[in-house]
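As structure tokens, the structure follows; a few thoughts come after it.
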Amino acid sequence: MIVAILYIALVIVLAWSIMHGRKVIRTERTDAVFGNPIRTQGGYHWVACGVSSLLLVWFTFSWDAGRAFFPNAANELCQVAKLNRAINPIRSAFPLDNRHLLGTRILSRDLHQIELLSEELSKLDLPDADRENLSALIDDVREALVLQASSEYMASGISERFQDIAIRIEQLALDLQNDEFPGPVDEAQMAEALAQPGWGESSTEIPVLPQTERGRIFDAAAEIMAGITKDYSETRNDGPELVKRIEEIRQRIGELEAAATQETYKDILGDIEKISKRVDDFRVFPTQVTKGVEASLVLLEKAMQDRQGALRFIDTWALPGGDILAGNNACSEQGSGRWLPKPSDTLATFIWMADPAQGYKGFPLFWYKMKPVSEMVDFIVPDSIADLIPREYGDHDEQGNINYGFKDRIYSFATGDFDSFAVPVPTGHIWDSILRVLAGLFLGILLGVPLGLFMGLSRFAKGYFDPLVELYRPIPPLAWAPLILTIFGIQDDGKIFLLFMVAFAIMVISARTGATGTQLSKIHAAHSLGASNRQIIQQVILPNSLPEILTGIRISIGVCWGTLVAAEMLAGTTGIGFVENVARKQSDYEIIWMTIIVMGILGLLFDLIMRFVIEKTIPWRGKG
């Protein structure tokens, strides 16, 4: 119900945003000419239009909307799929989905291969006697193939059997159109069917037992059709003359193989034997005996379409991009309904994983833990600071008493060996990924921006560092990942260093481009006013480089996220990439899409922050 209400609300928002946008276009008056960035400001109704369009596509093609509005549709289509599965062995033999009969396709294929064997035989250097034997054998196989299509050599009872199958299929078509078919409802069976978990509520995607009257009709028809198909599959055109020909061909092949000495001769015999074994299937029938079955299948298909009624419309428009297929014991979604998880299920999975007590693989998704301040001090303060104290470390006396001094207390403080209160700190897969991105990005900016500016101002720096940066910059980050993970291991050091390498190259290029793009007139004006080199860098070059530098940071954030996830998938025990990698191995599409959405939202938040920073830092950009 919630999904249905939300879907209707999204449709309303989409319609409103389009109408409002058209109204604004007609009534808006602005002095900004085409190309002026001011014309791109505002327009939040188009944001609503884009978001609602995306969500509507997701709800529709994941079949979440179809499940909300038509909860019984999947169960009914499951019963239709059962009937289609029962029909397919017969249907595939007739020109309904294919353009030719199965027998026609078999004859065309085998006769073509016989002709290829004849051509190959004419090119081989064989004794005349061997060539004649093989040629005669090929002619016999060709004749046996043709005899299958002849009504003169057809097995007895074939016409009657095909006629019986056609009558039974026609009767099934009439039953489908009969409102009293398949008879009274079995209360026990219906209670068992209704007790099944609903669509998507268990590992069995779709309840397999029929829960509606329409479902009962198709389920009963599928059982009847399965018996008809079994009888058809057991039908063989094994007339006595054809069987005799095949036995003679096999006997001759055995005799020739026993006397064969040349490998090419044996190869030709092997190919002939393969074709003769296909004849032994006896699946080719005279065309005239199959017409009745083909006509009855057409009637059955029309009866199925009529009985489905509005279900065909629901299947096409409410459940687009795929089908529901029936297996031996279950029905499953195929197409977009399978690989595109439903928004409601994805949200439920996220809520389930967001529970700190649940998490993923024993680690919360995003939560906090109480961390002693002493551990933070141990991480920040180096142990060697105690060595700078001019006194000696304490020792013990003859009674075993340890005399701790001021230097020992400093060492205990630096190593975090003291009692302290605890403070909440973030923890979880999401936080670990964010922390790695921020650390790698910070180091890349800290070292990349000064070097880029230096390269933009110094011939030496450009000549010395440019080959080094340009040599590794085009190399994909994943190419470095195995080497870095081998050196640093699976801990955070390797992942942060990999992200640093990615951000460093981007920031160097951005800062160098900004420095070299500064207008000479501004630099000359600063020199004319008596500015020092340091003042020129601070007041002229750096402000003019900020647009490129901040744009480089935006680019680095996106590239770092993609690289981080790949690194966490290669090696790691926490992080969004680790979660997605485990889910990929288990084919858990809901968790995979949940991680994708989380990464997209985090990337969007980072980008929005950068947009705000750019707007506040360089508001003059594009207005010069």
Side-chain angles (χ1 to χ4, degrees), residues 1-5 62-91 168-231 299-319 322-335 337-338 342 344-345 348:
M1 179 61 69
I2 296 177
V3 173
I5 295 174
S62 67
W63 298 3
D64 205 0
R67 184 174 67 178
F69 287 104
F70 310 102
N72 293 324
N75 179 258
E76 293 181 347
L77 287 171
C78 172
Q79 315 312 316
V80 176
K82 289 181 186 178
L83 181 53
N84 283 324
R85 186 170 183 265
I87 296 173
N88 282 338
I90 300 181
R91 185 183 179 85
R168 292 162 66 186
I169 294 176
E170 289 177 3
Q171 182 59 48
L172 181 58
L174 294 175
D175 289 340
L176 281 175
Q177 297 173 340
N178 186 358
D179 294 335
E180 297 181 358
F181 178 81
V185 177
D186 188 319
E187 297 298 335
Q189 291 181 354
M190 182 57 68
E192 181 183 2
L194 295 176
Q196 298 174 105
W199 181 5
E201 294 179 0
S202 68
S203 58
T204 303
E205 296 179 3
I206 299 171
V208 67
L209 299 178
Q211 297 175 318
T212 64
E213 184 62 27
R214 180 187 288 155
R216 287 182 60 247
I217 293 173
F218 280 97
D219 180 62
E223 293 184 9
I224 297 173
M225 192 66 213
I228 299 174
T229 300
K230 183 175 181 294
D231 292 341
L299 291 176
L300 178 60
E301 182 175 4
K302 186 177 184 306
M304 290 175 60
Q305 293 176 354
D306 293 340
R307 175 54 68 178
Q308 289 182 62
L311 189 61
R312 295 180 62 203
F313 177 85
I314 296 172
D315 186 24
T316 302
W317 297 104
L319 307 176
D323 298 296
I324 291 177
L325 299 183
N328 292 329
N329 300 310
C331 293
S332 61
E333 303 169 351
Q334 299 297 322
R338 182 173 185 82
K342 298 167 179 57
S344 58
D345 294 344

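Annotation: side chain of Met304 is in contact with side chain of Ile87 (closest heavy-atom distance under 4.5 Å). Inter-residue side-chain proximity for Trp199 and Asn75 is flagged as unmet; no heavy-atom pair is nearer than 4.5 Å. Residues Val185 and Arg216 are in side-chain contact: their nearest non-hydrogen atoms beyond the backbone lie under 4.5 Å apart.
The structure places CG of Leu83 at 12.0 Å from CZ of Arg85, a figure rounded to the nearest 0.5 Å. One distance of note links CG of Asn72 with CG of Leu77; it measures 11.0 Å at 0.5 Å rounding. The line from CD of Gln79 to CD1 of Ile217 is 11.5 Å long, rounded to the nearest 0.5 Å. Taking CG of Asp175 as the start and CZ of Arg168 as the end, the distance is 12.5 Å to the nearest 0.5 Å. Here the CG atom belonging to Asp306 is positioned 6.0 Å from the CD atom belonging to Gln177, to the nearest 0.5 angstrom. Separating the CG atom in Leu176 from the CG atom in Leu299 is a distance of 11.5 Å, to the nearest 0.5 Å.
Among Val80, Ile324, Leu325, the single residue meeting the side chain to side chain contact (heavy atoms under 4.5 Å, CB included) criterion with Cys331 is Ile324. Just one residue in the list Met225, Lys82, Glu76, Arg307 forms a side chain to side chain contact (heavy atoms under 4.5 Å, CB included) with Phe218, and that residue is Arg307.
With respect to Lys342 and Glu333, a salt bridge is recorded, a charged nitrogen being found less than 4.0 Å from a carboxylate O. Salt bridge status for Asp64 with Arg67: present, with a side-chain N to carboxylate O gap under 4.0 Å.
When all heavy atoms of Pro210 and Ala193 are compared, the closest pair comes out as O-CB, 3.2 Å. When every heavy atom of Gln196 is checked against every heavy atom of Val208, the shortest pair comes out as OE1-N, 3.2 Å. Closest heavy-atom contact between Pro207 and Gly198: CD-C, 4.2 Å.
Other residues, nucleotides and ligands contribute more than 12 heavy atoms inside 6.0 Å of the CZ atom of Arg91.
A distance-only check finds no donor-acceptor pair linking the side chain of Glu205 to the backbone of Ser332 [under 3.5 Å]. No donor-acceptor pair under 3.5 Å is formed between the side chain of Asp315 and the backbone N or O of Leu311.
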